[in-house]
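Heads up: the structure comes next, in structure tokens.
Chain naming here is simple, since letters A, B, ... match the order of the sequence lines and numbering starts at 1 in each.
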Amino acid sequence: MKNKLALMIADAVTVCTKKGLLPDVQLPHIEIEVPANPEHGDYASNTAMILASQAKQNPRKIAQAIQENLADSEGIIGQIQIAGPGFLNFRLKDNVWQKILREVLDQKNRYGCVNVGGEKKVQVEFVSANPTGPLHIGHARGAVVGDVLSNLLTATGYQVSKEYYINDAGNQMNNLGKSVLYRYRELLGEKMEFPENCYRGDYIRDISSDIIREQGNRYLTENEDETISCFNAIAGGVILEGIKQDLQDFGVTFDCYFSEKELYRENGVRNLLVSLQKQGFIYSDGETLWFKTTNYGDEKDRVVIRKNGDPTYFAADIAYHRNKFARGFDLLIDIWGADHHGYMPRLWAAIQALGHKKDDLKIILVQLVNLLRAGEPVAMSTRSGEFVTLREVLDEVGRDAARYNFLMRRSDSHLDFDLDVAKKQSNENPVYYVQYAHARICSILRMATERGMKLPSYGDIDPALLVQPDEKNLLKMMARYPEMLEGAARTLEVHRITFYLNELAGIFHGYYNKNKVVSEEASLSAARLVLVDAVRIVLSNALAILGVSAPEKM
RNA sequence: GCGCCUGUAGCUCAGCUGGAUAGAGCAUCAGACUACGAAUCUGAGGGCCGUAGGUUCGAAUCCUACCAGGCGCGCCA
């Protein structure tokens, strides 16, 4: 709808310039918005005001010229008003909104899908936690944001691939092996100091005792380095399996798990650095190799090969992102914890050196989660191993409530997650508000069929009977669903979907309390059944993108 | 010290890339079930949009400077 109006305005401006009513102006981006105040119509545009400065004319006069030259070939506009400093306010004909019902009912679970992505190939990389311990609550937010963003982009015409990058080649993994070895020895009766930078969580002890059960104490006498690297592999595998299981129970799946080790095969990382050095992006100071990230606005250059000869994490990441582009993705999206924001400039520098545009890599920062219980902060410390895991949150509040809560804020704002509120089945918990609307409609439809009514289709009803203000609002709200998805996809802001859902559910609940859907009047009942059925479809579609269930009963 | 993010109702947050009288939810107060599901609804109160300048027809939104909070500033990942 927005797009139709924008096109009509753009055409009208062109006609105006041809007729000489306007000087030869640059056509601006046509902004169509839904006015906050319903008295200002269904849609409004500020085009005349934007043009005013360029054309050096009174904006109201320009608005009038646009209005007079607007060709409404489909006959959807009921009324145009010029208001305020030069707004064009559009009121559409009632039957335009009523036709939305047919679209929703025809398209069913496809309603809302738009093709703004043009089938571009996009990769979303998220979670990517080291397999050194179970996922905790902080990872959970990134997991949901990435998963839902992927669903959203799929619905808006992108080919999406979801990827998890496994950092399994660095020091952290070595520390994991050491940690397992420490617990292994301890369980076999040795007394020793707890090694530096190692993991204390109980899951380490579990892995050690599994090794003892299966292989006994033979590693006590083996070469320590070999044992560590062996324990490394065992523990990494076990932990990664646990992570995958937790994610799956959280409703998050990946198309690809990419191992950092891949990048080092056949000297891949070093060969890439050599070629970048030849191109002048990398220089040596005699001991170390530096990447000239300052060429692209970073604060200082970054080391890629250390004094000891080992490549840095950054070096591997350059190779990783080159690998991603080489796989044919048009757009890369990385989802990171906000504490990594300082890393962004160097990665953007790297992809530009590789010949890509900065915009080809979008980075979404997800802020940290403050975990609360009844309003009080829950103490968490990774070092001591005392953190609340994703698994515990899932067990305590359930998948739907957990996911929905993570989606109620913009990603870059801090999120308070209160375990007690999230598991309450009350009005403090917005997920039930939306699910309840869906269940309520299902209940109405059930009741109608139980009374022997046949659920009508669009052709059976007279949509002009839907004249209540709330009925019109429901229709308009449903018409805006594709526009909302488009905006969310354009800005990569998944929280817009939850806000939309709350509003749609709210209008429905109000409508339900004022009006009886099934009444004595057969034709009115039929029209209303079709209306609420359409609302059910839209609720269900939006919840599906969020990966939250749409229950028929609660 | 430098950089990034955030300051909007008592609390938690939206505000659609600059629009018209700044909005929700929670909490508070007052109401609505012999009604298709009260996990719901109706109404009320509540604001110097951190502060001060600037840009223009118009600013919560953009620019500058301060103030407050968070996070970074490794040859860790």
Exercise. Would the number of heavy atoms belonging to other residues, nucleotides or ligands and lying under 6.0 Å from CD of A:Glu552 be above 12?
Worked result: no
For this session: Using a 4.0 Å heavy-atom cut-off across all strands, classify A:His414 as base, sugar-phosphate, or nothing.
Result: sugar-phosphate
For this session: Between B:C13 and B:C76, how far apart are the C1' atoms? Round to whole Å, please.
Result: 35 Å
Exercise. So do A:Leu331 and A:Lys362 actually touch side chain to side chain, heavy atoms under 4.5 Å?
Worked result: yes
Seminar exercise, completed: Closest to the 5' end of RNA chain B, once A:Tyr433 and A:Lys516 are matched to their nearest nucleotides, is A:Lys516
For this session: Using the test ring-ring contact (aromatic ring centres under 6.0 Å, His included), find all partners of A:Tyr165 that sit at least two apart in sequence or belong to another chain.
Result: A:Tyr320
Problem set entry | salt bridge (Lys or Arg N to Asp or Glu O under 4.0 Å) contacts touching residues 134-144 of chain A (sequence neighbours left out) | none
Exercise. Mind checking the P distance from B:G23 to B:C48? Whole angstroms is fine.
Worked result: 15 Å
Problem set entry | Results of ring-ring contact (aromatic ring centres under 6.0 Å, His included) for A:Phe87 - residues two or more places apart only | none
Exercise. 5' to 3' on RNA chain B, which nucleotides open and close the contacts with chain A (atom under 4.0 Å from a heavy atom)?
Worked result: B:G3 to B:A77
Exercise. Pick one for B:U17: is it syn, with its angle within 90° of 0, or anti?
Worked result: syn
Exercise. Heavy atoms under 4.0 Å, any strand shown: does A:Val34 hit a base, just sugar-phosphate, or nothing?
Worked result: base
Exercise. So, A:Glu396 and A:Arg373, do they make that salt bridge, N to O below 4.0 Å?
Worked result: yes
Exercise. Given that A:Asn130 and A:Asp416 both sit by RNA chain B, which one's nearest nucleotide is further toward the 5' end?
Worked result: A:Asp416
Seminar exercise, completed: On a heavy-atom basis, the closest approach of A:Leu531 and A:Leu101 is CA-CD2, 3.8 Å
Exercise. Does any pair with a residue in residues 41-54 of chain A pass salt bridge (Lys or Arg N to Asp or Glu O under 4.0 Å), and if so which ones, sequence neighbours excluded?
Worked result: A:Asp42-A:Lys476
Problem set entry | salt bridge (Lys or Arg N to Asp or Glu O under 4.0 Å): pairs with one or both residues in residues 283-296 of chain A, sequence neighbours excluded | none
Exercise. Does the side chain of A:Gln172 pick up a donor-acceptor pair with the side chain of A:Asn167 at under 3.5 Å?
Worked result: no
Exercise. Can you tell me how far P in B:G45 sits from the matching atom in B:A24, rounded to whole Å?
Worked result: 12 Å
Problem set entry | Syn or anti for B:C33 (syn when the glycosidic angle lies within 90° of 0) | syn
For this session: Inspect the contact between A:Lys2 and A:Glu486 and indicate whether a charged nitrogen and a carboxylate oxygen are less than 4.0 angstrom apart.
Result: no
Exercise. Which ranges of RNA chain B pair up as stems, where a stem means three or more consecutive Watson-Crick or G-U pairs with both distances under 3.5 Å?
Worked result: B:1-7 with B:67-73, B:10-13 with B:23-26, B:28-32 with B:40-44, B:50-54 with B:62-66
For this session: Tell me what A:Ala437 touches on the nucleic acid: a base, only sugar-phosphate, or nothing, going by heavy atoms under 4.0 Å.
Result: nothing
For this session: Count the heavy atoms belonging to other residues, nucleotides or ligands that lie under 6.0 Å from NZ of A:Lys61, then report whether that count exceeds 12.
Result: no
Exercise. Taking only residues two or more places apart in sequence or in another chain, which ones pass ring-ring contact (aromatic ring centres under 6.0 Å, His included) with A:Trp348?
Worked result: none
Exercise. Does any N or O in the side chain of A:Tyr164 come within less than 3.5 Å of the main-chain N or O of A:Ala129, such that one atom is a donor and the other an acceptor?
Worked result: yes
Problem set entry | Contact list for RNA chain B against residues 36-45 of chain A - heavy-atom distance below 4.0 Å | A:Asn37, A:His40, A:Ala44
Exercise. Roughly how far apart, to the nearest Å, are B:U12 and B:G69 at atom P?
Worked result: 16 Å
For this session: Would you mind classifying the nucleic acid contact of A:His341 as base, sugar-phosphate or nothing, using non-hydrogen atoms under 4.0 angstrom?
Result: base
Problem set entry | Interface with RNA chain B, restricted to residues 297-324 of chain A and to heavy atoms under 4.0 Å | A:Glu299, A:Lys300, A:Val303, A:Arg306, A:Lys307, A:Tyr313
For this session: In whole angstrom, give me the gap between the P atoms of B:G46 and B:U56.
Result: 36 Å
Exercise. What is the nucleic acid contact for A:Met49, judged by heavy atoms within less than 4.0 Å: base, sugar-phosphate only, or nothing?
Worked result: base
Exercise. Looking across every strand, which nucleic acid part, if any, lies under 4.0 Å from A:Ser413 by heavy atom: base, sugar-phosphate, or nothing?
Worked result: sugar-phosphate
Exercise. What distance, rounded to whole Å, do you find between the two C1' atoms, one in B:A52 and one in B:A9?
Worked result: 24 Å
Exercise. Taking atom P in both B:U61 and B:U51, what distance in whole Å separates the two?
Worked result: 11 Å
Exercise. Which of residues 478-498 of chain A have a heavy atom under 4.0 Å from RNA chain B?
Worked result: A:His495, A:Arg496
Exercise. Is A:Pro430 touching bases, backbone alone, or none of the nucleic acid, heavy atoms closer than 4.0 Å?
Worked result: nothing
For this session: Would you classify A:Asn515 as touching base, sugar-phosphate or nothing, given that sugar-phosphate means primed atoms plus P, OP1 and OP2, and contacts are heavy atoms under 4.0 Å?
Result: base
Exercise. For A:Asp339, which contact category applies under a 4.0 Å heavy-atom criterion: base, sugar-phosphate, or nothing?
Worked result: sugar-phosphate
Exercise. Between A:His136 and A:His139, how do the two ring planes meet: parallel, tilted or perpendicular, split at 30° and 60°?
Worked result: tilted
Problem set entry | Ion pair check, A:Asp317 and A:Arg302, cut-off under 4.0 Å | no
Exercise. Are the side chain of A:Thr293 and the backbone of A:Arg346 linked by a donor-acceptor contact shorter than 3.5 Å?
Worked result: no
Problem set entry | Non-neighbouring partners of A:Phe281 that pass ring-ring contact (aromatic ring centres under 6.0 Å, His included), sequence neighbours left out | none
For this session: In whole angstrom, give me the gap between the P atoms of B:U55 and B:U64.
Result: 15 Å
